[in-house]
Amino acid sequence: MSTFFLTTAIDYANGDPHVGHAYEKIGADAIARYRRLRGDDVHFLIGMDEHGQKVEQTAAQQGVTPQALVDVLADTFCTMWTRLGISYDQFIRTTDPMHREGVRALIERIFDRSPDDFYEQAYEGWYCVGCESFKQDSEIVDGKCVLHPTRTLERVQERNWFFRLSRYEDFLRDLLTSRPQFLQPESRRNEMLALIDGGLEDVSASRSRLKWGVPFPKPLSSGEVQTTYVWFDALPNYLTATGFPRGEWADRWPAQLHVVGKDITRFHSIIWPAMLQAAQLPLPERVWGHGFVLLGGERFSKSAGVRLDLDEAIGRFGADAFRYFLLREIPFDADGSFSWERFEERYNADLANAWGNLASRVIAMVERYFDGVVPSGARTQVDDEDAAELRDYHAAMDGTRGFLLHEALRVVWQSVVRGNEYVDRQAPWKLAKDPALRGDLETTLASLIRQLARQAVMLAPFMPNKTQELWRQLGAPGQVSEQRFAALPELDATGWKVAKGDPLFPKEARER
RNA sequence: GGCAGGGUAGCUCAGCUGGUUAGAGCACGGCACUCAUAAUGCCGGGGUCGCGGGUUCGAGUCCCGCCCCUGCUACCA
């Protein structure tokens, strides 16, 4: 049994969860559940990034302490993840004492193992009082901050700890080229290689203005104790979650997979590996930069999040249908669009008509012709074709070509389509009229029940509740989540007692 | 601006190293069937393959130019 430690980005505590957050968690959850069905010892980590100026400011505006603010948000996020069926094993918060201690330990370890990698430097830049932050040239127009054109930018000097990222150019280039799977999809890797070739600048590791965070373990030569800047606070969560530096952290680290948005692949594939290398710690095995959910051509973000309410999306057809839609419609390696029209089309065409109805008609026939007890029947073409499809499914899911969740679903629906074709071709209702054809009827329905069971297992990572409901209707033993892919080729449904229930994916009563 | 990817049926997209009538799903029209959530199956209509040149016996597929879209171009996270 191999271990599989996977993570998502930790979400920044500056607003309620939106579809963009949900998409990443749902995708990662599908991978986690898939690995469990393979028999892996999965540890699925998600969490929140709770430090930073924005949190501090928002709390001040609301007249509460930062801790009180993030406590509420963490609760809101966890509630949402539960509603969406996210099967996380651990929820880390950067305000956890364990994390804060781990961050200090990691930084101290870098000081210890790579003493030259941290250095003090005076940073001089244009500071916008309105934004309370330094501005890059790209954010300055006519000498004014683009967000606060009425204010005057101040030339401010700040002395910070810096991390010598530039030293790791060759190391990182070699990492990305010698281990092509380290960063996928390929488009992201090419971008990062271009970035490295352009030269890496050192990054600051501490800030003086920032108060809400982890104290940087070493004071500046002036004696000032600064606060750890975001890279060295947020990124290490994956490591500190294992308990580092205490206990059996090495049993879990390194992570097998970091699932992150394409906007932060840079931090995960450049800064993070360099930090770990500086600390002489193992690197994560791979980073996957997924795309974004777009709405009307724009990406979801803190500002646009209000345009699609998660509660409404879940309420429309339920959490499982929402999960299915996002992962089927939006390629996990690129961007895709959400629209209510497509959501309804997919729900009706894929879930209700194709799959739900296939289950419905097959189970109904077993009840009608066999009093609900699945007959024994030899393998058929259906079983053979599904075996080939299972291989395609794994090829899309197991990471060798990336994590192409949308493709895995497409493959399963090929099986669904063939199931419906097979029913029509065999026409069990005709076979049932002729006692001499009883054997054909048995073979047909037995193979269709096997097919539904296999589909339930393959779809369990995507729709955990609906597949369990089908599993129950099929009269299959145990829970669908306890099944193993390895057992599917030998799956035998003989003797199962089916029990048709309500439609898996009911269509609304259409007004006429 | 530089680098990368893309513009193919109403919609979402496949089309590898150039080769017979350009494909799939959804949507749409007709037929069949009746086990099923009026679901399913079969058949069909529908495309100047972004624009303009060029190479070639032959280009959606190669070359040149142009137009448009997206991503990356590092300290909000």
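What's counted below: heavy atoms across the whole structure, side chains too, no hydrogens, waters or symmetry copies. The chains referred to below are lettered A, B, ... by the order of the sequence lines, with proteins before strands, and numbering in each begins at 1.
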Quiz item: Under the salt bridge (charged side-chain N to carboxylate O under 4.0 Å, His left out) test, which residues partner A/E56, sequence neighbours left out?
Solution: none
Looking only at side-chain N and O atoms, does [X] come under 4.0 Å of OP1 or OP2 in [N]?
X      : N     : result
A/R425 : B/U40 : no
A/K54  : B/A77 : no
A/K500 : B/A36 : no

Quiz prompt | Residue mapping more 5' on RNA chain B - nearest nucleotide basis, A/I270 or A/A234 | solution = A/I270
Quiz prompt | Along RNA chain B (nearest heavy atom to each residue), the more 5'-positioned of A/G336 and A/R266 | solution = A/G336
Quiz item: Got a sec, which pairs hit side-chain hydrogen bond (donor to acceptor under 3.5 Å, both in side chains) with one end in residues 428-438 of chain A, sequence neighbours left out?
Solution: none
Quiz prompt | Steps toward side-chain hydrogen bond (donor to acceptor under 3.5 Å, both in side chains) verdict (A/H258, A/T7) | solution = CA-CA 5 Å; A/H258 291 319; A/T7 74; 2.8 Å; yes
Go through [options] for me and flag the one nearest to the [X] side chain.
X      : options             : result
A/E421 : B/U73, B/C75, B/C42 : B/C42
A/R368 : B/A74, B/A36, B/A77 : B/A36
A/E201 : B/A77, B/C35, B/C75 : B/C75
A/K507 : B/C35, B/A77, B/U37 : B/U37
A/F505 : B/A36, B/A77, B/U37 : B/U37
A/L504 : B/G41, B/U37, B/A36 : B/U37
A/D424 : B/U37, B/A74, B/G41 : B/G41
A/Y229 : B/C35, B/U40, B/A77 : B/A77
A/M365 : B/A77, B/C42, B/C35 : B/C35

Between protein and nucleic acid, restricted to nucleotides 24-27 of chain B and to nitrogen or oxygen atoms under 3.5 Å apart, what atom pairs and distances do you find?
{"unit_1": "B/C26", "atom_1": "O2'", "unit_2": "A/E345", "atom_2": "OE1", "d": "3.1"}

Reckon [X] touches a base, only the sugar-phosphate, or nothing at all at heavy-atom distances under 4.0 Å?
X      : result
A/L200 : base
A/V230 : sugar-phosphate
A/G289 : nothing
A/D202 : base

Quiz item: Would you write out the dot-bracket form of RNA chain B, 5' to 3', with Watson-Crick and G-U pairs under 3.5 Å, [ ] for crossing pairs, | for pairs to other strands and . for unpaired bases?
Solution: (((((((..((((.....[...)))).(((((.......))))).....(((((..]....))))))))))))....
Would you kindly give the [atom1]-to-[atom2] distance between [X] and [N], to the nearest whole Å?
X      : N     : atom1 : atom2 : value
A/R361 : B/U40 : CZ    : P     : 8 Å
A/F232 : B/A74 : CZ    : C1'   : 14 Å
A/N14  : B/A77 : CG    : C1'   : 8 Å
A/L404 : B/A14 : CG    : P     : 12 Å

Residues 356-365 of chain A, side-chain donor-acceptor partners within the protein, below 3.5 Å, at least two apart:
{"unit_1": "A/S360", "atom_1": "OG", "unit_2": "A/K500", "atom_2": "NZ", "d": "3.2"}
{"unit_1": "A/R361", "atom_1": "NH1", "unit_2": "A/N420", "atom_2": "OD1", "d": "2.8"}
{"unit_1": "A/R361", "atom_1": "NH2", "unit_2": "A/D424", "atom_2": "OD1", "d": "2.9"}

Exercise. Please confirm whether A/W161 and A/F216 have ring centers closer than 6.0 angstrom.
Key: yes
Say you pick atom [atom1] in [N] and the same atom in [M]; how far apart are they, in whole Å?
N     : M     : atom1 : answer
B/U21 : B/A32 : P     : 34 Å
B/A59 : B/G50 : P     : 15 Å
B/G15 : B/G71 : P     : 22 Å
B/U8  : B/C62 : P     : 16 Å
B/C28 : B/C67 : C1'   : 33 Å
B/A14 : B/G6  : C1'   : 15 Å
B/G19 : B/G30 : C1'   : 35 Å
B/A24 : B/C49 : C1'   : 16 Å

Self-check item: Residue-level proximity of residues 429-438 of chain A to RNA chain B when a heavy atom falls under 4.0 Å
Solution: A/W429
Practice problem: Please list residues of residues 184-195 of chain A whose heavy atoms come under 4.0 Å from any atom in RNA chain B, ordered by number; otherwise none. | Solution: A/R188, A/E191, A/L195
Exercise. Could you verify whether a donor N or O on one side chain and an acceptor N or O on the other, from A/S415 and A/Q455, lie under 3.5 Å apart?
Key: yes
Practice problem: Using a strict 4.0 Å threshold on nitrogen-to-oxygen distance, state whether A/E191 and A/R188 make a salt bridge. | Solution: yes
Quiz item: Does a side-chain N-to-carboxylate-O contact under 4.0 Å join A/E389 and A/R454?
Solution: no
Exercise. Report yes if the side chains of A/L504 and A/M463 come closer than 4.5 Å at any heavy-atom pair, otherwise no.
Key: no
Exercise. With A/K466 as the cation and A/F505 as the aromatic partner, state whether NZ or CZ is under 6.0 Å from the six-membered ring centre and within 45° of the axis.
Key: yes
Quiz item: Parallel, tilted or perpendicular: which fits the ring planes of A/Y23 and A/F332, with parallel below 30° and perpendicular above 60°?
Solution: perpendicular
Report the residues that fulfil side chain to side chain contact (heavy atoms under 4.5 Å, CB included) with [X], sequence neighbours left out, ordered by chain and then residue number.
X      : result
A/S269 : A/F182, A/L183, A/M192
A/A122 : A/Q157, A/R159
A/A74  : A/M48, A/E50, A/F91, A/R93

Practice problem: Using the salt bridge (Lys or Arg N to Asp or Glu O under 4.0 Å) rule, collect all pairs that involve residues 327-344 of chain A, keeping only residues at least two apart or in two chains. | Solution: A/K262-A/D335, A/R316-A/E344, A/E329-A/R342, A/E329-A/R346, A/R342-A/E345
Practice problem: For residues 10-24 of chain A, pull every pair meeting salt bridge (Lys or Arg N to Asp or Glu O under 4.0 Å), keeping only residues two or more places apart or in separate chains. | Solution: A/D11-A/K25
